[in-house]
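Heads up, the thing below is written out as structure tokens.
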Amino acid sequence: MLEIMRCNLCGKLAMIIRDGGRRTICCDQLMEKLAEQGPGVPGEDHVPVIEKKGTGIRVRVPGIESPMEADHFVEWIEVTEGKKLQVMGLSPGDTPEAEFFGVGPGSKVRVYCEDHGLWSNRPSKPKG
Ligand SMILES: [Fe+2]
């Protein structure tokens with residue numbers, strides 16, 4: 001669920017809310033399903049860092065200069081938890097971070113870097 005597809009000709013990105021079982025086409029060719037890269041991947045400096053903050057979380061993306069530059073920036077940061085999706089869109093000039101409220105330990109964070117693709121992580125389980 002919520003797969004990200006990219007057209008490698010025009011650059012269109014699409015989020016698949018429900019898979020109808022057919023091919024996803026753009027510019028007369030198949031769109032590429034983006035794989036999520038996470039902890040343990042070589043050069044993992046884009047894995048989102050998640051810190052608990054109040055009733056939510058703060059997400060940072062290391063490995064990207066702040067403020068971000070037009071040729072290397074995080075386009076969005078998202079959090080999913082159950083049926084809830086929260087997304088913060090970002091632009092060059094922004095800081096590669098976002099805060100989300102009402103997020104629990106069962107959530108999942110993904111970030112998309114224009115240059116280096118899709119990265120994901122999950123909050124650490126509370127100790128105790
Ligand atoms: Fe990057």
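As the structure is a computational prediction, the values presented were derived from the model and not from experiment. One-based numbering, in listed order, for ligands and for the atoms of each. The residues of the chain are indexed from 1 along the displayed sequence.
Each protein N/O/S atom under 2.8 Å from the Fe ion (ligand 1) was counted, for a total of 4.
At distances below 3.5 Å, at least one donor-acceptor pair connects side-chain atoms of K84 with backbone N or O atoms of G102.
In this model, a donor atom of one side chain and an acceptor atom of the other lie less than 3.5 Å apart for S120 and E36.
Considering only heavy atoms from C-beta on, W76 comes within 4.5 Å of I4 through its side chain.
Considering all non-hydrogen atoms of both residues, S107 and V79 come closest at CB-CG1, 3.8 Å.
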**Request:** Could you check I64 against V74 for side-chain contact (heavy atoms from CB on, under 4.5 Å), going step by step and ending with a plain yes or no?
**Result:** CA-CA 8 Å; I64 298 184; V74 172; 3.2 Å; yes
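The aromatic rings of H116 and H72 sit perpendicular to each other, their planes meeting at more than 60°, with 30° as the lower class boundary.
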